[in-house]
Amino acid sequence: MHHSKLQRKKREEAILLSLKKLDFLTRGQIQSIHKLKSDRNAQRVLKQMEEYLNVIRSGENIYYLNAAGRSLVNCDKVRKSTGNVQHYIMRNYLYIAYSCPQSWDNEIRITSEGKSKKDTVTCVADAVFKRGDFYTVIEVDNTQTMKKNQVKIQKYRTLKDRFTFGPVAPKFIWITTTENRRKELIKLNEDKGLVAEVFTLTDFNA
DNA sequence: CAAATCCGCTAAACCTTCTC
DNA sequence: GAGAAGGTTTAGCGGATTTG
């Protein structure tokens, strides 16, 4: 059922679409999203696709679309290996942990208009997905300062109070780097009365 | 240098198609 | 249908490569 030339093209296209959606993916992440079985097999599949991919070698290979790959899936956004690829990789762990939600969207701007300009509150969530009326907001804490996190959490509190997420209170999912930061983020969310869960990279043995 | 990962090679499993 | 042919996927071994 998985083995004709057509099936192979479909799988390759699905992988390219994942890269379009998620920017950068490790070999292991592609392997679990697309059920590529063994490590060796995943490496083989991705090697076969190299004409569409750029590769960053650092531990596990990290893949992103090259020009050929972008044109195959109509992708305008050009990724560069410089900068914080780690941020994308961390976000992907949550995408996978929550079973690749259909409604998942990255970089969502959330705005609540105030009575005056200065009461307007805007936040850009790293990702959002929803089931029915229930929103889940994803935040990645990579090299952010805690002060910035605190400001962001205050903004989320305001948005929640103004029912910007609708009648049902949203849940916040964070991923961070260390156990200590995890504890700090839990506390900050608790203080603002937000329902939150905080993971660290080690939760995904990364 | 050691540890992890990649990848070439090979053999087996499996699917589709063809032929009788 | 059963069985052979032809193509792909899968997994394991081991050497090459990369990274810290």
Side-chain angles (χ1 to χ4, degrees), chain A residues 1-75 77-102 104 106-107 126-127 138-146 148-149 173-185 197-206:
Chain A
M1 185 244 270
H2 238 289
H3 310 287
S4 67
K5 255 195 171 122
L6 185 68
Q7 290 299 323
R8 173 173 156 183
K9 282 289 153 217
K10 272 191 177 157
R11 178 162 75 179
E12 291 189 356
E13 191 181 343
I15 291 171
L16 295 175
L17 287 170
S18 288
L19 287 164
K20 178 181 180 180
K21 187 182 182 71
L22 301 170
D23 306 282
F24 297 86
L25 285 159
T26 66
R27 185 262 299 154
Q29 290 175 342
I30 295 175
Q31 190 175 352
S32 51
I33 293 171
H34 294 281
K35 313 220 160 41
L36 299 185
K37 310 279 177 77
S38 69
D39 293 356
R40 179 71 196 91
N41 194 50
Q43 289 161 348
R44 179 191 61 82
V45 169
L46 289 163
K47 184 72 183 166
Q48 273 178 345
M49 295 175 63
E50 65 186 346
E51 62 176 306
Y52 305 115
L53 304 175
N54 288 330
V55 185
I56 302 167
R57 280 162 231 278
S58 134
E60 273 182 22
N61 283 0
I62 295 168
Y63 297 89
Y64 61 105
L65 297 175
N66 66 14
R70 288 196 301 275
S71 84
L72 214 65
V73 291
N74 286 319
C75 178
K77 192 166 157 200
V78 179
R79 281 87 172 181
K80 296 272 167 53
S81 72
T82 57
N84 59 337
V85 173
Q86 177 75 352
H87 179 90
Y88 296 91
I89 300 302
M90 287 170 76
R91 179 168 58 192
N92 296 339
Y93 283 119
L94 295 179
Y95 175 76
I96 292 165
Y98 284 84
S99 322
C100 313
Q102 193 73 115
W104 181 285
N106 288 338
E107 308 299 330
D126 284 318
I138 302 295
E139 281 294 332
V140 176
D141 169 48
N142 187 15
T143 47
Q144 204 90 272
T145 64
M146 265 306 151
K148 276 193 171 167
N149 287 332
I173 308 292
W174 289 72
I175 180 168
T176 187
T177 49
T178 66
E179 184 57 28
N180 195 47
R181 294 180 75 90
R182 193 174 85 85
K183 290 205 173 93
E184 287 187 72
L185 286 166
E197 203 165 337
V198 184
F199 297 93
T200 64
L201 271 173
T202 57
D203 291 328
F204 308 100
N205 85 94

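Throughout, protein chains are lettered first and strands after them, A, B, ... in sequence-line order, and every chain is numbered starting at 1.
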* To do: Would you indicate, yes or no, if dC13(C) has its OP1 or OP2 atom less than 4.0 angstrom from a side-chain nitrogen or oxygen of Arg40(A)?
  => no

* Asked: What's the NE2-C1' distance between His34(A) and dT9(C), to the nearest Å?
  -> 17 Å

* Figure out the NZ/P separation between Lys37(A) and dT8(C), and round it to whole Å. => 18 Å

* With a 4.0 Å heavy-atom cut-off, tell me which residues in residues 24-31 of chain A come close to DNA chain C, sorted by residue number. => none

* Is Arg181(A) salt-bridged to Glu184(A), going by a charged N under 4.0 Å from an acidic O? -> no

* **Separation of atom NZ in Lys9(A) from atom P in dG7(C), rounded to whole Å** => 16 Å

* Structure fact -> Axis-to-axis angle across the helix from dC1(B)-dG20(C) to dC20(B)-dG1(C), five pairs each end, nearest 10 degrees, ~ 20°

* At under 4.0 Å, does any side-chain N or O of Asn41(A) touch on OP1 or OP2 of dT9(C)? -> no

* **Contact residues, residues 42-58 of chain A to DNA chain C [heavy atom, < 4.0 Å]** => Arg44(A), Gln48(A), Arg57(A)

* Asked: Charged N to carboxylate O under 4.0 angstrom, Lys9(A) versus Glu13(A)?
  -> no

* Sugar-phosphate only, base, or nothing, as touched by Asp39(A) at under 4.0 Å among non-hydrogen atoms -> nothing

* Intermediate values then yes/no, side-chain hydrogen bond (donor to acceptor under 3.5 Å, both in side chains), Gln86(A) and Asn142(A) -> CA-CA 8 Å; Gln86(A) 177 75 352; Asn142(A) 187 15; 5.0 Å; no

